[in-house]
Student: 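Input: one structure, supplied below.
Numbers here simply count residues along the sequence, with the first being 1. Since the model is a prediction, treat every value here as computed from it, not as a measurement.
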Amino acid sequence: GWLVYCAAMTDPMNEHCARRARLVRLLLVAAALGSGGTCFAQNCSFFTTSSTLNFPALDPSAATTATATATVLVRCTPAAVSPTWSFTGANGSAPLRMKHATTTNYIPYTIVPTFLGSLGATESWRLTGTVLGANYQDARVGAYSDILTATVFP
């Protein structure tokens with residue numbers, strides 16, 4: 001499945017992000033057994049179609065680490081194994097980075113998924129975004145954002 005997330009520092013209603021949010025796509029993974037065997041498929045899909053990670057206003061004079069979180073629901077069937085996550089940003093993926101609204105300045109950030117629990121095949125996950133103080137202490141003033149695509153593999 002695919003899921004679009006928006007990472008924003010100052011604009012909780014990031015219109016640019018909302019316009020670019022995409023619909024959830026289903027990822028199917030099939031493994032065939034040996035000759036004459038049966039083929040079983042496991043698939044994952046998001047129950048949360050999009051969300052926003054809003055970082056607090058970053059103060060370069062304090063340059064402290066800032067975090068933002070979003071909770072998403074994922075269903076993998078059959079629910080045998082927890083999914084593997086992959087993240088791709090519109091402004092780069094190694095590292096992920098937010099782009100200034102009007103210039104070509106960037107602030108890198110990281111995303112870490114944390115399993116919160118499950119009810120049957122539906123799993124609850126917290127995605128935590130982190131911006132290190134050292135990565136924005138000399139950044140240009142303004143709003144920064146990114147379109148983050150999360151992919152889960154069964």
Side-chain angles (χ1 to χ4, degrees), residues 1-34 37-56 58 65-101 103-136 139 142-154:
W2 296 83
L3 179 59
V4 175
Y5 280 91
C6 306
M9 280 180 26
T10 58
D11 186 3
M13 299 305 290
N14 187 334
E15 291 179 30
H16 176 72
C17 181
R19 283 194 312 269
R20 293 195 55 196
R22 297 174 214 142
L23 294 176
V24 174
R25 293 186 218 163
L26 185 62
L27 170 71
L28 294 175
V29 177
L33 299 175
T38 305
C39 181
F40 294 96
Q42 184 179 40
N43 68 65
C44 293
S45 59
F46 287 93
F47 277 27
T48 310
T49 57
S50 67
S51 187
T52 302
L53 290 166
N54 288 315
F55 289 99
L58 302 178
T65 297
T67 60
T69 62
T71 301
V72 297
L73 299 176
V74 175
R75 175 174 279 216
C76 292
T77 54
V81 181
S82 290
T84 300
W85 291 80
S86 174
F87 300 100
T88 305
N91 299 304
S93 298
L96 294 168
R97 58 191 190 159
M98 294 180 280
K99 183 185 178 299
H100 190 277
T103 68
T104 56
N105 295 79
Y106 299 92
I107 297 176
Y109 67 98
T110 59
I111 298 290
V112 175
T114 304
F115 178 70
L116 299 176
S118 64
L119 179 59
T122 303
E123 297 181 346
S124 179
W125 290 81
R126 179 184 306 119
L127 301 182
T128 302
T130 303
V131 176
L132 300 176
N135 289 337
Y136 71 85
Y144 289 77
S145 64
D146 191 15
I147 305 297
L148 179 67
T149 301
T151 306
V152 293
F153 300 96

Student: Heavy-atom distance under 4.5 Å between the side chains of Tyr109 and Asn135, does that happen here?
Tutor: no
Student: Rounded to the nearest 0.5 Å, what separates atom OH in Tyr136 from atom CD1 in Ile107?
Tutor: 8.5 Å
Student: Taking the side chain as every heavy atom from C-beta outward, state whether Trp125 and Val74 have any pair of such atoms under 4.5 Å apart.
Tutor: yes
Student: State, to 0.1 Å, how close Ala150 and Trp85 come at their nearest heavy-atom pair, and which atoms those are.
Tutor: CB-CZ3, 4.0 Å
Student: Will you find, in the side chains of Thr52 and Asn54, an N or O donor that is under 3.5 Å from an N or O acceptor?
Tutor: no
Student: If we check side-chain contact (heavy atoms from CB on, under 4.5 Å) with Arg97, which of these qualifies: Val131, Asp146, Asn91?
Tutor: Asn91
Student: Are the side chains of Tyr144 and Lys99 in contact, using a 4.5 Å heavy-atom criterion?
Tutor: no
Student: So do the side chains of Met98 and Phe55 get within less than 4.5 Å of each other, counting heavy atoms only?
Tutor: yes
Student: Quick one: are Leu127 and Leu148 in side-chain contact, heavy atoms under 4.5 Å?
Tutor: no
Student: What's the separation between atom OG1 in Thr130 and atom CG in Leu96, rounded to the nearest 0.5 Å?
Tutor: 11.0 Å
Student: May I ask you to check whether Arg126 and Thr71 show a side-chain donor-acceptor distance below 3.5 Å?
Tutor: no
Student: Heavy-atom distance under 4.5 Å between the side chains of Ile111 and Thr128, does that happen here?
Tutor: no
Student: Taking side chain as C-beta onward, heavy atoms only, is Tyr106 less than 4.5 Å from His100?
Tutor: no
Student: Between Pro113 and Phe87, is any pair of side-chain heavy atoms under 4.5 Å apart?
Tutor: yes
